[in-house]
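Beneath this line is the structure, given in structure tokens, with notes to follow.
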There are 2 protein chains.
Amino acid sequence: MWDVSFIPLRPGSLSGPVTERSDAARNRERLLGAARELIEECGADGLTMDRLAERAGVGKGTVFRRFGSRAGLMMTLLSDSEADFQARFMFGPPPLGPGAPGLERLVAFGAARIAYVLEYGELARAADESAYNRFDVPAAVLWHRHIELLLRAEGMDADPRLMAMALSATLDPERLLHAVRVHGIEPGRLVESWRELVTRVVRGA
Amino acid sequence: MWDVSFIPLRPGSLSGPVTERSDAARNRERLLGAARELIEECGADGLTMDRLAERAGVGKGTVFRRFGSRAGLMMTLLSDSEADFQARFMFGPPPLGPGAPGLERLVAFGAARIAYVLEYGELARAADESAYNRFDVPAAVLWHRHIELLLRAEGMDADPRLMAMALSATLDPERLLHAVRVHGIEPGRLVESWRELVTRVVRGA
DNA sequence: ATATTATCCGGACCGTAGTCCGTTTAGACG
DNA sequence: CGTCTAAACGGACTACGGTCCGGATAATAT
């Protein structure tokens with residue numbers, strides 16, 4: 001299994017000096033710990049940058065120096081599970097990983113993504129909201145490219161890039177969470193609907 | 001042509017007394033005029049509620065009393081064009097209106113929606129953003145139901161409601177605008193891709 | 001004309017995300 | 001160990017959306 005930790009979840013996370021000053025590292029750990037505590041207690045929406053700074057015992061400027069924005073913090077909190085998800089659909093066992101036909105991989109990708117959103121949805125939503133270019137975040141670009149790749153593997157002729165965009169839109173965390181939480185849609189129905197959708201899109205060629 | 005102005009763009013816009021106090025009406029006109037001015041000068045994103053109040057010569061509380069929120073203001077500004085759009089796809093001439101086959105109407109709906117977003121996109125985006133339940137706004141529900149109706153008319157068997165949700169996601173203003181403005185996608189490609197998508201979804205039955 | 005009342009008005013106030021800049025300090029170098 | 005500097009720190013500050021409530025006023029009843 002390759003190490004895929006080089007796939008950054010947010011832009012610019014690899015810039016700057018390689019080494020981190022000890023106080024910076026200490027504060028980063030404090031902040032991440034405090035953030036997880038606060039989310040445990042108040043939910044993702046209940047985490048404010050002021051409270052986080054207070055809980056971690058650092059200044060507010062330090063929080064923004066570390067993570068750039070609230071969305072950046074959320075992405076950092078998601079980065080482990082996100083890297084795991086990426087590893088699974090890129091290098092893991094089929095049908096999610098390579099080895100299965102494109103269509104099966106597409107279906108599995110949607111199912112895995114839906115499961116991911118159901119588990120980490122609040123964080124993902126918080127990471128998206130108020131992120132001006134949430135569509136250009138490296139992770140989002142990677143999902144998009146992956147779908148496009150699978151479409152091409154299935155012989156998609158008509159504008160695979162835009163087809164991938166359309167399919168990506170379907171998996172938007174905000175929409176999925178809204179369907180489940182507000183309208184009480186069963187996750188299984190979402191997966192089944194995704195299967196129908198991608199099957200028709202691919203077969204229609 | 002029917003009068004479809006009864007289709008509210010935002011929830012609650014029909015509640016309360018039928019008559020409006022004269023000073024309230026005067027201030028509403030002032031506010032709408034000032035809002036259009038500000039958007040002309042600074043763009044939709046440059047319109048802040050404080051500046052709007054100042055420009056209109058009213059207190060800030062009055063702005064929120066009128067429109068409830070920034071999103072509500074944006075919806076009010078969109079209500080004329082939105083009512084027109086609704087009238088066209090519900091009662092207008094085919095292929096957008098009734099009289100054409102479901103698939104053709106679906107294609108026309110997407111094309112019309114894309115054109116709409118290209119014209120009023122900034123406002124639509126501003127109306128969506130930070131609106132907690134943007135998916136349950138009456139107008140959005142109407143679009144969704146319309147797509148679902150057309151899918152059923154084409155004999156869609158598998159969960160037309162969720163299929164309609166997936167197709168709606170594709171027409172999200174934020175995504176469309178992002179594709180056009182950031183990635184420079186030609187609107188014609190968007191329309192063509194929509195045609196491919198709905199054709200495959202419908203025919204795949 | 002006067003009194004009554006429901007509605008409306010205004011701007012002070014709050015919580016939040018994000019910025020700024022003077023101060024502190026880790027760590028490298030002599 | 002002392003010096004130096006780039007990096008990190010912290011919290012006051014701004015801008016914004018949204019709330020609140022005491023005072024003003026338009027419509028209505030008498």
Side-chain angles (χ1 to χ4, degrees), chain A residues 10 12 15-32 34-35 38-39 42-77 125-134, chain B residues 10 12 15-32 34-35 38-39 42-77 125-134:
Chain A
R10 61 199 179 89
S15 58
V18 196
T19 59
E20 194 177 32
R21 243 171 65 168
S22 62
D23 51 349
R26 173 177 45 91
N27 282 337
R28 196 194 59 229
E29 291 313 312
R30 273 193 201 170
L31 281 166
L32 289 176
L38 279 174
I39 288 174
C42 321
D45 293 342
L47 183 152
T48 74
M49 301 305 258
D50 288 279
R51 288 213 276 186
L52 174 59
E54 188 191 10
R55 174 73 68 108
V58 304
K60 194 176 178 179
T62 302
V63 183
F64 281 89
R65 159 174 294 271
R66 280 294 131 224
F67 304 108
S69 67
R70 205 183 110 99
L73 166 68
M74 297 300 180
M75 288 184 201
T76 302
L77 289 174
R125 204 164 58 78
D128 279 352
E129 93 190 1
S130 86
Y132 179 61
N133 36 7
R134 47 187 263 221
Chain B
R10 62 198 179 88
S15 59
V18 197
T19 59
E20 194 177 33
R21 245 172 65 169
S22 62
D23 51 349
R26 173 178 46 91
N27 282 336
R28 196 194 58 230
E29 291 312 312
R30 274 194 201 169
L31 281 166
L32 289 176
L38 279 175
I39 288 174
C42 322
D45 292 344
L47 183 151
T48 73
M49 300 307 257
D50 288 280
R51 288 212 276 186
L52 174 60
E54 187 191 12
R55 174 73 68 108
V58 305
K60 194 176 178 180
T62 303
V63 184
F64 282 90
R65 159 173 294 271
R66 280 296 130 224
F67 305 108
S69 68
R70 204 183 110 100
L73 166 67
M74 298 300 181
M75 289 185 198
T76 302
L77 290 173
R125 204 164 57 78
D128 279 352
E129 93 190 2
S130 87
Y132 178 61
N133 38 5
R134 48 187 263 222

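Order of the sequence lines fixes the chain letters, A, B, ..., with proteins taken first and strands second; residue numbering starts at 1 for each chain. Any value given below was found using the heavy atoms of this structure, including those in side chains, with hydrogens, waters and symmetry copies removed.
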Select one nucleotide: of C:dC9, C:dT19, D:dC9, the one nearest the side-chain heavy atoms of A:Phe64.
-> C:dT19
Please list, for nucleotides 1-5 of chain D, all pairs of protein and nucleotide N/O atoms separated by less than 3.5 Å.
none

Under a 4.0 Å heavy-atom cut-off, which of residues 51-63 of chain B touch DNA chain C?
-> B:Val58, B:Gly59, B:Lys60, B:Gly61, B:Thr62
A:Glu129 has an atom CD; how far is it from atom C1' of C:dA17, in whole Å?
-> 11 Å
Assign B:Arg65 to base, sugar-phosphate, or nothing according to its heavy-atom contacts below 4.0 angstrom with the strands shown.
-> base
Taking only residues two or more places apart in sequence or in another chain, which ones pass side-chain contact (heavy atoms from CB on, under 4.5 Å) with B:Glu54?
-> none
How long is the gap from CZ on B:Phe67 to CE on B:Met75, to the nearest 0.5 Å?
-> 13.0 Å
Test side-chain contact (heavy atoms from CB on, under 4.5 Å) applied to A:Ala34 - qualifying residues, sequence neighbours left out | A:Leu52, A:Arg55, A:Ala56
Between A:Leu31 and A:Arg28, is any pair of side-chain heavy atoms under 4.5 Å apart?
-> no
Using heavy atoms to find the nearest nucleotide of DNA chain D for A:Asp50 and B:Ser69 separately, return the residue whose nucleotide is more 5′.
-> A:Asp50
To the nearest Å, give me how far apart CZ (A:Phe67) and P (C:dA17) are.
-> 14 Å
Validation row: B:Arg66, B:Leu32 side chains within 4.5 angstrom (heavy atoms) = no
Ignoring backbone atoms, establish whether A:Asn27 has a side-chain N or O less than 4.0 Å from OP1 or OP2 of D:dA8.
-> no
For A:Arg65, the side-chain contact (heavy atoms from CB on, under 4.5 Å) test, sequence neighbours excluded, returns none
Point-to-point distance, once rounded to the nearest 0.5 Å, from OG1 of B:Thr48 to NZ of B:Lys60 = 8.0 Å
Spacing of B:Glu20 atom CD and B:Arg26 atom CZ [to the nearest 0.5 Å] = 11.0 Å
Taken to the nearest whole Å, CE/A:Met49 to C1'/D:dG10 is 15 Å
Under 3.5 Å, side chain of B:Arg125 to main-chain N/O of B:Ala44, donor-acceptor pair present?
-> no
Within the distance-only criterion (no hydrogens, no angle test), does the side chain of A:Arg51 pair as donor or acceptor with the backbone N or O of A:Gly46 below 3.5 angstrom?
-> yes
Check: protein-nucleotides 26-29 of chain C nitrogen or oxygen pairs below 3.5 Å:
{"unit_1": "C:dA26", "atom_1": "O4'", "unit_2": "A:Arg21", "atom_2": "NE", "d": "3.4"}
{"unit_1": "C:dA26", "atom_1": "O3'", "unit_2": "A:Ser22", "atom_2": "OG", "d": "3.3"}
{"unit_1": "C:dG27", "atom_1": "OP1", "unit_2": "A:Ser22", "atom_2": "N", "d": "2.8"}
{"unit_1": "C:dG27", "atom_1": "OP1", "unit_2": "A:Ser22", "atom_2": "OG", "d": "3.3"}
{"unit_1": "C:dG27", "atom_1": "OP2", "unit_2": "A:Ser22", "atom_2": "OG", "d": "3.2"}

Interatomic distance where CZ belongs to A:Arg28 and P belongs to D:dC9 [whole Å] = 11 Å
Quick one: closest heavy-atom pair of B:Ala35 and B:Leu73, and the distance?
-> CB-CD1, 4.4 Å
Would you kindly give the CE-to-P distance between B:Met74 and D:dC16, to the nearest whole Å?
-> 13 Å
